[in-house]
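Each remark here refers to the structure printed beneath this line.
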Amino acid sequence: MDEMQEIIKTYVIKEYVEDDTELTYDSPLISGGIVDSFSMVSLKRFLENKYNISIPDDKATPEAFDSVNKICALVREYVK
Amino acid sequence: MAYTDTTRGMYSDILTGLKEAGLFKQERFIHSAQAADIEVEFPTGAPLKKVINICANNYLGMSSHPDVVKAAHEGLDSHGYGMSSVRFICGTQDIHRTLEQMVTKFLGTEDTILFPSCMDANAGVFEAVLTKDDVMISDRLVHASIIDGIRLCSAMHDTFKHSDMEHLEEKLQLHNDKRLKCVITDGVFSMDGDTAKLDKMVELCEKYDALLMVDESHSSGFIGKTGRGTHEHCGVLGKIDIITTTFGKGLGGASGGCVSGRKEIVEMCRQKARPYLFSNTIAPPVVAGVIKVLEILSASTDRRDKLEKNTEFWRKGLLEAGLIIKAGDTPIVPVMLFNAKLAQDVSRDLYDEGIYAIGFFFPVVPQGAARIRTQISAGHEIHHLEKALEAFRKVGKKYDILGKSKQEIIERYGM
Ligand SMILES: Cc1ncc(COP(=O)(O)O)c(C=O)c1O
């Protein structure tokens, strides 16, 4: 199991899921209404702090944040 | 004309879609003044029906209070009908400044600026005082007008789970590097009738050096021992940096709103808030009416005390009837029905019984949380509430929901 996937999934559940919705690494987060686009900022800040990276605003699009797997792919572009 | 058949067809399709989804809103025409007893034409064209209104924001029964009506008449005579100008050109009268000073005193703040509405106050305040170096951290259930204000502001935005103080603290830590942090909440939440934990929020804002903004639209005039609002109720008078509130609910019911708080912040709004700069302010007769409302409420707590008693009676009556209500002590009392169609059916049947109360369902409230939102007023007498309880018992019996649990209601009617 990929550690980054699990860390991000755990954060998303803790932060956004208020009922018992099941989440997979491919569940649509923003288009699926789990994360509203407003709240994306804390996810972005969490990733930046956790992985010591800086994601440019124009890369932090709703599409790029739409599933745990997509977020992992985005983060990997910036981790040295 | 460029309004082509295709364009017309596009809009018709959207509107039809709303109707089919049960989301189409229809107005009901009230032929009388706003009060506990009203005369309603519904559906359109139907003969007038006398009903008891239990869904107005007329918390203190001021909408048709004779002294307020008289003051508005006098204001009309002495100060005219309108100003034909925004405030800073030639639209400020002595009574506007008087009202601002009275609101400051009533809310226990440093200064106040009037807006055409509280929607405008919320739309204008964040952009006027925050920049892209700052962050706004809002409760996830704040009112739509606050969401719009947040959207118009360039500061970063984040949210915390409804009334979850641990989550708020995490967010304050996460954003501690920002120039200014502004925590944003409603004082009383309009859909659930619950109250923000302002004492705890003030403590957190002091600890993390953050501003606190509270929308007091559903609290001003009646929450707290002398009706000053949620900040009085929570023992934090004088500690809220930004209060917005409306004169369209407890404080008269006509229209208008304000930002009240730290004097520099109010001055920033006077210099920069767009709905203040580019829209006419409150009309003179309405200003005169609100001044009278504040005089009445400052002289005596009778009306808010009566509202408190009515609210207790109403909450107790609904519980004894076996209905499920949201816990709390505010005059906003949601009767939970969970299923959207059930909420609409109960509302219609209540209307047949002479009780005017509206069903709320998704997307206004979460899926599976449909309800009838009842709102109690100091304008209600016990006989009004008794009649309304009788109707709730009768309709509740018809749908067999009295004494039933949430689980049982959902099993029978679905989410
Ligand atoms: C919490 C809250 N804020 C603001 C408003 C808007 O008030 P106004 O009618 O003054 O624009 C409302 C009214 O619905 C409200 O419920």
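Hydrogens, waters and symmetry mates are skipped; everything else that's a heavy atom, side chains included, is used. Chain naming here is simple, since letters A, B, ... match the order of the sequence lines and numbering starts at 1 in each.
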Atom pair CD (Q173(B)) and CG (N49(A)), whose distance is rounded to the nearest 0.5 Å: 11.5 Å
Please check if atom CZ in R274(B) has more than 12 non-hydrogen atoms from other residues, nucleotides or ligands closer than 6.0 Å. no
Atom pair NE2/NZ of H167(B) and K14(A) - distance to nearest 0.5 Å: 5.5 Å
N52(A) atom CG, over 12 foreign heavy atoms within 6.0 Å: no
Please flag which part of I150(B) lies under 4.5 Å from any non-hydrogen atom of chain A: side chain, backbone, both or neither. side chain
May I ask you to decide whether E15(A) forms a salt bridge with R140(B), counting only side-chain N to carboxylate O separations under 4.0 Å? yes
Tell me whether D58(A) at atom CG has more than 12 heavy atoms from other residues, nucleotides or ligands lying less than 6.0 Å away. yes
Which pair of non-hydrogen atoms, one from R45(A) and one from D177(B), has the smallest distance, and what is that distance? NH2-OD2, 2.7 Å
Considering only heavy atoms from C-beta outward, does the side chain of V41(A) approach that of H175(B) to under 4.5 Å? yes
Calculate, to the nearest 0.5 Å, the distance between atoms OG1 and OH belonging to T159(B) and Y16(A) respectively. 6.5 Å
Between H157(B) and M40(A), is any pair of side-chain heavy atoms under 4.5 Å apart? no
